[in-house]
Engineer: 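Sending over a structure as structure tokens; questions will come in a sec.
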Amino acid sequence: MSVLNAEIAGIFNRYAALLEIEGANSFRIRAYRNAARTVQDLPQSLESMLKEGEDLSELPTIGKDLAAKIKEIVETGQLSDLQKLEQKTPGDLAKLTALPGLGPKRVKALYDVLKIANLADLQTAIEAGKLRELPGFGSKTEEKILKEIKRHLQAEKRTNLHAAEQVAESLLRHLKGVVGVKAVVVAGSYRRRRETVGDLDILVTCTKGSNVMDRFIGYDAVEEVISKGKTRSTVLLRLGLQIDLRVVPQVSYGAALHYFTGSKAHNIAVRRIAVKRGLKLNEYGIFKREKRVAGRTEEEVFAQVDLPYIEPELRENRGEIEAARKGALPRLISLADIRGDLHSHTKATDGKYTIRKMAEAARERGYEYLAITDHTKHVTVAHGLDAKRLAKQIEDIDRLNKKLEGIMILKSAEVDILEDGSLDLPNEILKELDLTVCSVHYKFDLAAQKQTARIIRAMDNPYFNILGHPTGRLIGQRDPYAINMRRLMMAALERGCYFEVNAQPERLDLTDIHCRMAKEMGLRVAISTDAHTTATLDYMRFGVGQARRGWLEPEDVLNTRSWKNLKKLLKRR
DNA sequence: GCCGTTTTCGGCCCGACTGTTTTCAGTCG
């Protein structure tokens, strides 16, 4: 029985939803949700932790009871308590609560009175006009739920950060000109640089009487105004992204920014500290009785609970508060620390520009070096380089390096890892390169053990330097291939190889959790754009964001170093 | 169900908006 952490988290969430419908103690419900999140965030599989005899109740939010339940799930693939609960509440009530506007109380009422157990029942009941007969339900509710059912059937989707940026920039331009508006900032998971966002949270401070709310709902990409109030409004854009706008007074700006940046788990943790000190923290400030003692800036808010400023990317309640208390917060890497890009393509394969154009674009970004890493021959669709063409490219780069000032072009290639773990070019040519990025581009569906062995075998090659896009996932489109991440990282450490954080917004692997795992293991990473055009060299910001979420410091990242120092690190034995 | 800088019992974050209500419950973030 092989059980994934995500499945265990799913079982806990489902259990929590059913408990909620039953009307169980809300803190008990929260305990299951907290545990689900802990499980989801773990870099290591619970199954392997159990195998190694680790005590799961030492994990935060996991006590004796939940540790036993995890053990049961790992051993049997299911949770008997959940099955019991499912028998009591037939159909798919848990799924119904996923519809916006339908919470546990209403779902229970729907089932008790109308025997509604799934989406189809619900739709039928609404169409028969049954819903409005229930107390607390009216025609508006009916209408809203029907719309949500239809939307749900089209599958809800998170928006990737790149697309969210484009919306945010346009909307900010729309709002900044409004009379009386002082600050406009995007908070939420966007500010925490999560790889995808569910919605955008925009925070505004303005003078009294500003018509910013009207301006907001008048934004031309708005499809529907979901709610409109004096301090908060919500709209849905045509492209399916929801936007919340909140207006707060200037004296509350810091508290509100902190509050709306989240995450929820981080906020709860900070509030708990406030409560312990006899303070109350909300989006308007920190209060001692009725008196506001802080709120104008985030720093002020943190200071009131005796914490230093915590960077938004760290605010996930993954240990940042404890680290802050101990003065052990990382000094996060920033874009300015990056001195070069170690993964880029040119016209020779599937890129769009010449080596020279790419190099000049890298120089414009203030880089010292750019590695040209065109595909190799196995990737026929990209017209991958064979040894002969690569040899020619090496000569071209040598010549260009003599001519170009202010940027060093590194001779490299994105070498294909074949199914048997060999590389698809002979070592005679690889040894002429400054470095290699080695990647898997086919046979994604091997079993974890085989895929892991394949990549380790590739690392055995002395010319293997950096593992490119280490999981091969495409966010929302293709799952990561199955690998044992810990074992791979260990193998890289032993051999002097490195991992890449691929900065393409569709990829962003390593994930934040895996970045942190690499750091804890002492494995350094390269943050690379995999640019196929000059413009996409700017994707570096996404990679840096992911690295920051993974607590990485400049020291943890290869390409914060000068080429001279980087060269030493790349040397294998 | 978890957890401990008051605690191994008794707490556990907090406010806005909507719809259906004459004062508030439910939902959401």
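Each chain gets a letter, A, B and so on, in the order its sequence line appears, and its residues count up from 1. Here the structure is a predicted model, which means the values were calculated and not measured.
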Engineer: Can you tell me, in whole Å, how much space there is between the C1' of B:dC12 and that of B:dT18?
Structural biologist: 28 Å
Engineer: Between A:Arg14 and A:Asp92 (salt bridge meaning N to carboxylate O under 4.0 Å), is one present in this structure?
Structural biologist: yes
Engineer: Would you indicate what A:Lys69 reaches in the nucleic acid, counting non-hydrogen atoms under 4.0 angstrom: base, sugar-phosphate, or nothing?
Structural biologist: sugar-phosphate
Engineer: Considering only B:dC17, B:dG1, B:dG19, which nucleotide approaches the side chain of A:Thr141 most closely?
Structural biologist: B:dG19
Engineer: Test of understanding: with side chain to side chain donor-acceptor pair (under 3.5 Å), list the residues that count as partners of A:Ser57, not counting sequence neighbours.
Structural biologist: A:Asp55
Engineer: Please report the distance, rounded to the nearest Å, between CZ in A:Arg30 and C1' in B:dC12.
Structural biologist: 6 Å
Engineer: Using a heavy-atom cut-off of under 4.0 Å over every strand shown, decide if A:Lys144 touches base, sugar-phosphate, or nothing.
Structural biologist: nothing
Engineer: Over all heavy atoms of both residues, which pair between A:Lys144 and A:Gly101 is shortest? Give the atoms and the distance, please.
Structural biologist: CE-CA, 3.9 Å
Engineer: Along nucleotides 24-29 of chain B, 5' to 3', which nucleotides get a B, which get an S, and which get a -, given that the test is a protein heavy-atom distance under 4.0 Å?
Structural biologist: --SSSB
Engineer: Looking at every strand, decide which applies to A:Val270 at a 4.0 Å heavy-atom threshold: base, sugar-phosphate, or nothing.
Structural biologist: nothing
Engineer: Taking it one step at a time, do A:Arg194 and A:Ser189 satisfy side-chain hydrogen bond (donor to acceptor under 3.5 Å, both in side chains)?
Structural biologist: CA-CA 5 Å; A:Arg194 270 193 66 175; A:Ser189 47; 5.5 Å; no
Engineer: Can you list the steps and then say if A:Leu237 with A:Glu223 is a side-chain contact (heavy atoms from CB on, under 4.5 Å)?
Structural biologist: CA-CA 5 Å; A:Leu237 300 189; A:Glu223 176 174 272; over 6 Å; no
Engineer: Provide, to the nearest angstrom, the distance between the CZ atom belonging to A:Phe287 and the C1' atom belonging to B:dC14.
Structural biologist: 12 Å
Engineer: For A:Leu281, which contact category applies under a 4.0 Å heavy-atom criterion: base, sugar-phosphate, or nothing?
Structural biologist: sugar-phosphate
Engineer: With sugar-phosphate meaning primed atoms plus P, OP1 and OP2, does A:Asn25 contact a base, only sugar-phosphate, or nothing at under 4.0 Å between heavy atoms?
Structural biologist: base
Engineer: If we take the C1' atom in both B:dT20 and B:dT27, what is their distance in whole Å?
Structural biologist: 14 Å
Engineer: Below 4.0 angstrom from OP1 or OP2 of B:dA16, is there any side-chain N or O of A:Ser227?
Structural biologist: no
Engineer: Between B:dT7 and B:dG1, how many Å separate the two P atoms, rounded to a whole number?
Structural biologist: 26 Å
Engineer: Among A:Arg548, A:Arg318, A:Arg192, which one satisfies salt bridge (Lys or Arg N to Asp or Glu O under 4.0 Å) with A:Asp512?
Structural biologist: A:Arg318
Engineer: Taking for each residue the nucleotide of DNA chain B bearing the nearest heavy atom, is the 5' side occupied by A:Met213 or by A:Ser139?
Structural biologist: A:Met213
Engineer: When you compare B:dC9 with B:dC14, how far apart are their C1' atoms, in angstrom units rounded to a whole number?
Structural biologist: 25 Å
Engineer: Identify whether NZ of Lys or CZ of Arg in A:Arg315 sits under 6.0 Å from the centre of the six-membered ring of A:Tyr309 and within 45° of that ring's axis.
Structural biologist: yes
Engineer: Nearest-Å distance, CG (A:Asn34) to P (B:dG11)?
Structural biologist: 20 Å
Engineer: Find the distance A:Glu20:CD to B:dG1:P and express it as a whole number of Å.
Structural biologist: 15 Å
Engineer: Among B:dG1, B:dT7, B:dC17, which is the nearest nucleotide to the side chain of A:Ala31?
Structural biologist: B:dG1
Engineer: Would you kindly check if the NZ (Lys) or CZ (Arg) of A:Arg215 is within the cone defined by 45 degrees around the ring axis of A:Tyr219 and under 6.0 Å from the six-membered ring centre?
Structural biologist: no
Engineer: Taking the nucleotide of DNA chain B with the nearest heavy atom to each, does A:Gly138 or A:Gly63 sit closer to the 5' end?
Structural biologist: A:Gly63
Engineer: Ignoring backbone atoms, establish whether A:Lys228 has a side-chain N or O less than 4.0 Å from OP1 or OP2 of B:dA16.
Structural biologist: no
Engineer: Under the side-chain hydrogen bond (donor to acceptor under 3.5 Å, both in side chains) rule, what do A:Thr471 and A:Asp509 come out as? Steps first, then yes or no, please.
Structural biologist: CA-CA 6 Å; A:Thr471 74; A:Asp509 57 343; 2.9 Å; yes
Engineer: Using whole Å, report how far CG of A:Leu59 lies from C1' of B:dC2.
Structural biologist: 13 Å
Engineer: With rounding to the closest Å, how many angstrom separate the C1' atoms on B:dG15 and B:dG10?
Structural biologist: 25 Å
Engineer: What is the distance, to the nearest angstrom, from the NZ atom on A:Lys276 to the P atom on B:dT7?
Structural biologist: 11 Å
Engineer: CZ of A:Arg272 versus P of B:dT7: gap in Å, rounded?
Structural biologist: 16 Å
Engineer: Rounded to whole angstrom, note down the C1' distance from B:dT21 over to B:dC17.
Structural biologist: 14 Å
Engineer: Using whole Å, report how far CG of A:Asn267 lies from P of B:dA16.
Structural biologist: 15 Å
Engineer: Students often get this wrong, so: under 4.0 angstrom with heavy atoms, is A:Ser263 touching a base, only sugar-phosphate, or nothing?
Structural biologist: nothing
Engineer: Between B:dA16 and B:dT23, how far apart are the two P atoms, rounded to whole Å?
Structural biologist: 22 Å
Engineer: Checking base pairs now: Watson-Crick or wobble, both atom distances under 3.5 Å. What partners B:dC12?
Structural biologist: B:dG1
